[in-house]
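If you're wondering where the values come from, they're calculated on a predicted model, not measured in any experiment.
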Amino acid sequence: MTLVPLVVAVPLLAAAVLAAFGHFAPSRLDNAVAIAVTAAVTVISTVLVFRSSDETIHYWFGGWRPRSGIAIGISFSVDPLVASIAALVGALATAALIVSWDYFAERVPPYFHVLVLVFVGAMVGFVLSSDLFNMFVFFELMSVPAYALTGYRIEQQSALQGAINFAVVNSIGAFMLLTGIGLLYGRTGALNLAQIGQVLSRGPADGLVIVAFTLICAGFLAKAGAIPFHFWLSDAYAVAPAPVCILFAGVMSDLGVHGVGRVYWDAFSGVFARHAAAVTGVFVAVGLATALFGALLAFVQAGLKRMLAFIVISHVGVFLAAIGLLDALGLAGATLLVVADGFAKGAVFCAVASLARRTGHTDELAAHGLGRQLPVTRVLFAVGGVALAVLPPLAILGGHAWLRATFVVTSALTGAAVLRAGARIFLGFGPKRDPLLVAPPRGEEAEVPPTPRAGALLWTPGVLLLAAGLAVAFAPGLAQRAADQAARAVDRPALAAETLHGVPAPPREAGGLSPVRYAYGAAAGLLAVSLAALGLYRRRIPGLVERPLDCLKLLHDGVVGDYVAWLTAGTAVLGVLFAFLLRDGP
């Protein structure tokens, strides 16, 4: 039990110490301390995965436990699913700090490590918190260092613009989230998610509840980068340093989807019980649109970091659709994929960091054939590309064949983009020019000067991350265990009784899982290889496809006012849909 607060307290305290004394110590010492702290977070979170396997751990700060079913304190609730995401945060942060040791040409200032540690503590706190306002606090604490890390190269105009776009859009999303929390507090008098769910389940799904749900979903989906809230994401990821992108791509955006799922199941699943099919329809539709949109734009990017940003968007759509199925199998599949896919995306970004440090390029066309002398990075990039194609269809654990088939196509496109780029860069295949691809804006590509000394510290973390991701995805019996844990997590009445009254929730078992899902993953991998070859050696793209792609490219103009307009329009559409589909009465 005492381990629970340590996963947040340790990185935040270490950040405070480094902020005070880091300037007096060598940069290598600051980095070593930060690596030790994030490794400790990983170990503690992994221990919590096993400690919570039989019973959810509810940690009440200051000993302020509920009285008569009323939560008067702040709590963390830990089960194996959320603890595994916390472990993912720690592992990716450790990898990012190890890569940064050899990545930056200049001395890394202490504030870099401080920002990373605060970022880690905030993300873990967000994942574990079962108090809605506390989730908002960690949401904001997570965002501030993320803005600063995006603009780390503040002397570059593109980095500053990406950080501003990130900050403006996510700050508006945070205001929406806070407004939704205020409405819920006014209605229920509670901030604990379980207590909110208990109060809401006694009344109708009226206008106030629907508006609050809309604003909370919009705030979290803005952080996740779901369509049409996604525009900031590619601008930010493209300019953030590659080590920072290991954390951004691997887990940060996925936490927005986690927030949607947790708030729905704990707070809104009771009041919307009659309308579960409608909620599923909206979430799955947004998820499918996000997955397809991100996959198409990833396939037409020449800049590797912007390409991977759109891959993140596409995979966020998969996670959202899986959670939107509103069953235990969907939650389990989404959580497993968040962890496995997060490791895989982190590994690919390690390969990008290695390539950038050795060649000075992260542009597929500019780096044509320059990676021939990087055999380990080549293999890491190729296997990572296949993993990005194979893993998303595995998130659908239930019998939704049409949904799996759709994600075979979208994930194959994302994997194909990486494999095509890898074939050009590391094997010299294909032409050096391609009119279909969007070149990265000027000043976005040259991040660090090339050096022949860059070596194992850049790619070794990637190898370990990729091995961990494949182990999570294909470990025998792990998906079934995750499904059983998810069955307990979606039982709102039992979870509320456990949280507020100390009544242990009974064990739950989900239905058996069919191994046919692996066939869909294999099909996505084969299709990705075929599409990569098509991307390298095609003669032309049909006009029916090329013209819509050109329109999609033009939408991402970097103008933050346009992005805010899309955020506003998306929230309005979401609100209208929920108003028509979920309302019970006046």
Keeping Trp566 on the side-chain end and Ile227 on the backbone end, is there a donor-acceptor pair under 3.5 Å? no

Specify the closest pair of heavy atoms between Leu320 and Ala226, including all atoms of both residues, with the distance to one decimal. CD2-CB, 4.4 Å

Centroid separation His230 to Phe310 less than 6.0 Å: no

Considering all heavy atoms, the nearest Pro461-Ile98 contact: CG-CG2, 3.6 Å

If you define the side chain from C-beta out and look only at heavy atoms, does anything of Val560 sit under 4.5 Å from Trp232? no

Does Leu292 reach the side chain of Leu296, with side-chain heavy atoms less than 4.5 Å apart? yes

Taking Ser314 for the side chain and Ala291 for the main chain, is one N or O donor matched with an acceptor at less than 3.5 Å? yes

Rounded distance [0.5 Å steps], CD1 in Ile425 versus CG in Leu370: 8.5 Å

Closest non-hydrogen atoms of Leu304 and Ala421, given as atom of the first, atom of the second and distance, are CD2-CB, 3.7 Å

Under 6.0 Å from the CZ atom of Phe175, do we count more than 12 heavy atoms belonging to anything else shown? no

Test applied, side chain to side chain contact (heavy atoms under 4.5 Å, CB included); reference residue, Phe578; option that passes from Leu574, Val576, Leu581: Leu574

Using 30° and 60° as the class limits, which term best fits the ring planes of Phe112 and Tyr152: parallel, tilted or perpendicular? perpendicular

So which atom in Leu233 and which in Gly225 form the shortest heavy-atom distance, rounded to 0.1 Å? CD1-CA, 4.0 Å

Side chain proximity check, Glu364 to Leu437, heavy atoms < 4.5 angstrom: yes

What is the distance from atom OG1 of Thr150 to atom CG of Leu115, rounded to the nearest 0.5 Å? 10.5 Å

Min side-chain heavy-atom separation Arg404-Leu394 under 4.5 Å: no

So does Ala249 get a backbone contact from the side chain of Lys345, meaning a donor-acceptor N/O pair under 3.5 Å? yes

Starting at CD1 of Ile313, measure out to CZ of Phe293 and round the result to the nearest 0.5 Å. 7.5 Å

Whether Arg420 engages the ring of Phe299 as a cation-pi pair (distance to the six-membered ring centre under 6.0 angstrom, angle to the ring normal within 45°) should be assessed. yes

Going from OG on Ser234 to CD on Gln301, what distance comes out if it is rounded to the nearest 0.5 angstrom? 7.5 Å

Donor-acceptor pairs are to be reported for all side-chain atoms of residues 372-392 against protein atoms at under 3.5 Å, with residues two or more places apart or in another chain.
from	atom 1	to	atom 2	distance (Å)
Arg372	NH1	Gly369	O	3.2
Thr377	OG1	Ser354	OG	2.9
Arg378	NH2	Arg372	O	2.8

May I ask you to decide if the ring planes of Phe283 and Phe213 are parallel, tilted or perpendicular, using 30° and 60° as cut-offs? tilted

Please confirm whether the backbone N or O of Leu337 pairs with a side-chain atom of Asp341, one donor and one acceptor, at under 3.5 Å? no

Sub-4.5 Å side-chain heavy-atom contact between Leu288 and Phe407: yes

Is it true that a side-chain atom of His368 and a backbone atom of Gly430 form a donor plus acceptor pair closer than 3.5 Å? yes

Just by distance, do the side chain of Tyr237 and the backbone of Phe248 share a donor-acceptor pair under 3.5 Å? yes

Kindly say whether Val168 contributes a backbone atom to a donor-acceptor pair with the side chain of Ser171 at under 3.5 angstrom? no

Leu88 side chain reached by Phe343 side chain, heavy atoms, under 4.5 Å: yes

Go through the steps to decide whether Asp327 and Leu331 satisfy the test side chain to side chain contact (heavy atoms under 4.5 Å, CB included), and finish with yes or no. CA-CA 6 Å; Asp327 57 22; Leu331 178 61; over 6 Å; no

Asp363 bridged to Arg424 by N-O distance under 4.0 Å: no

Derivation and outcome, side chain to side chain contact (heavy atoms under 4.5 Å, CB included), residues Lys432 and Leu365: CA-CA 6 Å; Lys432 294 185 177 181; Leu365 300 177; over 6 Å; no

Using the rule given for side chain to side chain contact (heavy atoms under 4.5 Å, CB included), can you reason through Leu457 versus Val99, listing the C-alpha separation, both sets of side-chain angles and the distance that settles it, and then say yes or no? CA-CA 6 Å; Leu457 287 180; Val99 168; over 6 Å; no

Only one of Thr335, Ile323, Val127, Val263 passes side chain to side chain contact (heavy atoms under 4.5 Å, CB included) with His258, and that residue is Val127

Do you know which two heavy atoms are closest between Ala347 and Gly462, and how far apart they sit? CB-O, 3.3 Å

For Cys245 against Lys305, the heavy-atom pair lying closest together: SG-CE, 4.1 Å

Ring centers of Phe231, Phe166 separated by less than 6.0 Å: no

Spacing of Lys223 atom NZ and Leu177 atom CG [to the nearest 0.5 Å]: 10.5 Å

Do Leu255 and Met123 come within less than 4.5 Å of each other through their side chains, counting heavy atoms only? yes

Do we see a donor-acceptor contact under 3.5 Å between the side chains of Tyr563 and Asp235? yes

Nearest 0.5 angstrom please: Leu97 CG to Tyr103 OH, how far? 14.5 Å

Please walk me through it: do Ile246 and Cys350 pass side chain to side chain contact (heavy atoms under 4.5 Å, CB included)? CA-CA 7 Å; Ile246 295 172; Cys350 289; 3.6 Å; yes

